[in-house]
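What follows is one structure encoded as structure tokens, with my remarks underneath.
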Amino acid sequence: MMSVSRNLAIAAVAAASLAGSTACMSAEAASGETPAVPVRSLPEIRGEERAVLTSAPDVPPPITRDYATRVVVELETVEKVMRLADGVDYTFWTFGGTVPGQFIRVREGDLVEFHLTNSRHSMVPHNIDLHAVTGPGGGAAATLTIPGGESVFTFRAINPGLYVYHCAVSPVPMHIGNGMYGMILVEPAEGLPKVDREFYVMQSEFYARPGENGGAHTLDMERGAAEQPTHVVFNGAVGALTGANALEANVGESIRLFVGNGGPNLVSSFHVIGEIFDHVYGEGGTMISQRNVQTTLIPAGGSAIVEFRAEKAGDLVLVDHSIFRAFNKGALGTITVTGDDNPELFAQLKGLPMAGH
Amino acid sequence: MYRFAPLAGAALLLAHATPVALESSGPAPLAAVAGSAASPPALPDSGTVSLAEPEAAAFATMVRIPATRYRPLYASPGTEIVVAPFRLDRDPVTRGQYLAFVRANPRWRRDRVDTRAADAGYLAEWRTSDDAGTATDLRRPVTGVSRTAAEAYCAVRGTRLPSLSEWEAVAAASAVARDATGDPEFVQTLLSRYAHRTDPVPPVERGTRNAYGIRGMHDLVWEWVAAPHIDHAAHSHETGTEHGAYCASAAVGASNAANYPAFLRFAVRSGLTDRSTMGTLGFRCAA
């Protein structure tokens, strides 16, 4: 009798101490109830809307609502042959038929309902991993979609920031290497400061090898593993942002670039010739991490937001400052700034005439 | 309906007869079937099958595959599975052959198929439930068929679907070597072949012949294999890791991270159920 009641007393003390321990899983054993796990409180969802998606270099307009809503996003994966460079057609795998895929813009706290379809003409299944997603595979676990199929999942955009999305079906380097990436911006609840122009730029590289019998180029696995690309480009092709495709702005306008790096391998040393970044949101986060920056790093599978004001008329040239990539492999883009000259800011006193003036 | 009766009889006889097994070289005699009232069937590689003789296409050339070793993609490096000798169709099953099967077994018509056996894409490319297209179309690999349908077709011939190990062991062959998985050029060209498959798929005669004498393993269509539980020897390896299909960690536990074509094939299989159909997915039979 004594030992039984003593054992009971010991058990009672043990149970009490367990119940009193805040981090302890075995409170479940003692009380039979599921222990409380701290969860963030999510804002209430009001209404529903269809996401406005844009193709690079355009960006959907800033969000004006001040509440969280259900946003329906529909993307289709499409495999198609397009021009990568002059004389080089490539069998791209894409979100929505473009490289990069379309830009998605939502607000912190939104409930995103994501519909992924895979064209029935595709050869392989696809899925999507959005870096904005907290959840299995960033969505990839829920979206494996065979040609002709559809997958739907929902996620809460709990972290603001500028995020890459990409396909994550095995072999992942091939899906990314063939062009399956894009960006999603989760605006902070208070929004971003207003600017005059916003552009969507995504750097990536290609490892292109001619197809059999003169067919379109496909992925060169050996070059990919050796990290030796044949092409490094902005927005999916050599010349996508030059010549007739150059971005445009006016003197005096504030410009924000949402810059992503789809990789698959290279880190970008992003620089705009003739300009200095007044603000850099390093790695696509929500804080201005540095001011007055010449060249900022953009990780593979990452992003950066840069802001500056156009103050001189002329061409600003976007480059990866690992400069062989710009000169030899295509990592070049242009912003053509139009407006009155400002000789106080810059003037040539002697020398050969400046090109283009 | 007398033209169909001999075929039905042929189907019954085939179910009991052993399919002809052939060496990989030389032309292919066909299994003659007693009681057939049709004229002697045309050789499959004669290049033409008229609309009047889809029954002839019911006979298939099979090739004897000797014992081979297969290195599963999801296994510790150096793991090898011995694949016992078996027979494999030289070509994927054609539309003409499948049309003959549908005519002899009307419950497999597109307008009568059980939805548990095949999804809405079943035989979607055929003109009607009974019309699979021109003479050239009949020579193309049949697609839009589910695993359940493929198994039923093979069973009528007294055959079965190849196991994953059997199919992958034969797929390792290039034109000149039986195991070319160590040849980076060959592995790279498969990516090009997969990317440049045409729509519509060419007739099976245009399939590239490999060192076993099997045609079109890589340049025509994806192909069904038996459900994983059938291949006991390779069962633990066939399904891959939990993340195999969708995650960058697919290479974890893989025996050869450079074999992208194998990863592509595994990813395709991971998305399929027994009733799935795709316009790029056909099959061939084994015994």
Side-chain angles (χ1 to χ4, degrees), chain A residues 79-81 89-93 118-129 136-149 151 166-178 207-226 264 301, chain B residues 73-74 119-121 124-125 143-144 184-185 187-201 208 218-219 221-222 240-254 256-273 276-281:
Chain A
E79 299 167 12
K80 62 195 278 198
V81 174
D89 281 349
Y90 192 91
T91 307
F92 292 96
W93 293 352
N118 188 358
S119 163
R120 66 175 195 83
H121 300 287
S122 294
M123 289 305 302
V124 295
H126 296 295
N127 65 10
I128 191 164
D129 169 2
T143 52
L144 181 67
T145 311
I146 66 171
S151 301
H166 63 86
C167 179
V169 174
S170 169
V172 183
M174 183 167 186
H175 287 255
I176 297 178
N178 281 350
Y207 304 81
R209 178 187 166 116
E212 275 186 310
N213 309 318
H217 288 62
T218 50
L219 177 77
D220 188 323
M221 289 182 306
E222 274 190 65
R223 273 185 168 270
Chain B
L73 186 63
Y74 285 99
D119 66 19
E125 282 164 22
T143 58
E185 260 314 298
V187 174
Q188 173 69 52
T189 42
L190 291 187
L191 287 191
S192 182
R193 298 242 183 98
Y194 293 164
H196 296 125
R197 288 185 183 155
T198 58
D199 179 15
V201 188
T208 303
H218 296 289
D219 45 358
V221 288
W222 302 118
T241 65
E242 180 193 321
H243 295 106
Y246 68 81
C247 192
S249 61
V252 173
N256 183 0
N259 194 345
Y260 280 17
F263 280 106
L264 288 172
R265 295 193 295 269
F266 269 76
V268 169
R269 292 182 194 124
S270 298
L272 301 173
T273 66
S276 299
T277 67
M278 294 200 299
T280 51
L281 174 63

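A, B, ... follow the sequence lines: proteins, then strands. Residue 1 opens every chain.
- The two residues B/Met278 and A/Pro147 have their closest heavy-atom pair at SD-CD, 3.3 Å.
- Summarising the geometry of B/Tyr194 relative to A/Met123, their closest heavy-atom pair is O-CG, 3.7 Å, with the distance given to 0.1 Å.
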Less than 3.5 Å apart, which donor and acceptor atoms pair up between the side chains of residues 214-225 of chain A and the rest of the protein, not counting sequence neighbours?
from, atom 1, to, atom 2, distance (Å)
A/His217, ND1, A/Asp89, O, 3.2
A/Asp220, OD1, A/Glu222, N, 3.2
A/Asp220, OD1, A/Arg223, N, 3.2
A/Arg223, NH1, A/Gln228, O, 2.7

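- Smallest separation of non-hydrogen atoms from A/Ile146 and B/Gly271: CG2-O, 3.2 Å.
- A donor-acceptor pair under 3.5 Å is formed between the side chain of B/Ser192 and the backbone N or O of A/Glu212.
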- side chain to side chain contact (heavy atoms under 4.5 Å, CB included) evaluation trace for A/Asn213 with B/His196: CA-CA 10 Å; A/Asn213 309 318; B/His196 296 125; over 6 Å; no
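- Looking at residues two or more places apart in sequence or on another chain, you find a side chain to side chain contact (heavy atoms under 4.5 Å, CB included) between B/Glu125 and B/Arg95, B/Thr143.
- Annotation: the span from A/His175 atom NE2 to B/Tyr260 atom OH amounts to 10.5 Å, rounded to 0.5 Å.
- Neither the backbone nor the side chain of A/Thr145 comes within contact range of chain B; no heavy atoms are under 4.5 Å apart.
- Here the closest heavy-atom approach between residue B/Ala267 and residue A/Pro125 is recorded as O-CG, 3.4 Å.
- For B/Val221, no part lies under 4.5 angstrom from a heavy atom of chain A.
- Within the 4.5 angstrom heavy-atom criterion, only side-chain atoms of A/His121, from C-beta onward, approach chain B.
- In this structure, B/Phe263 and A/Val172 have side chains that are not in contact, with every pair of non-hydrogen atoms separated by 4.5 Å or more.
- A pairwise comparison of heavy atoms in B/Leu264 and A/Pro171 identifies CD2-CD, 3.6 Å as the closest pair.
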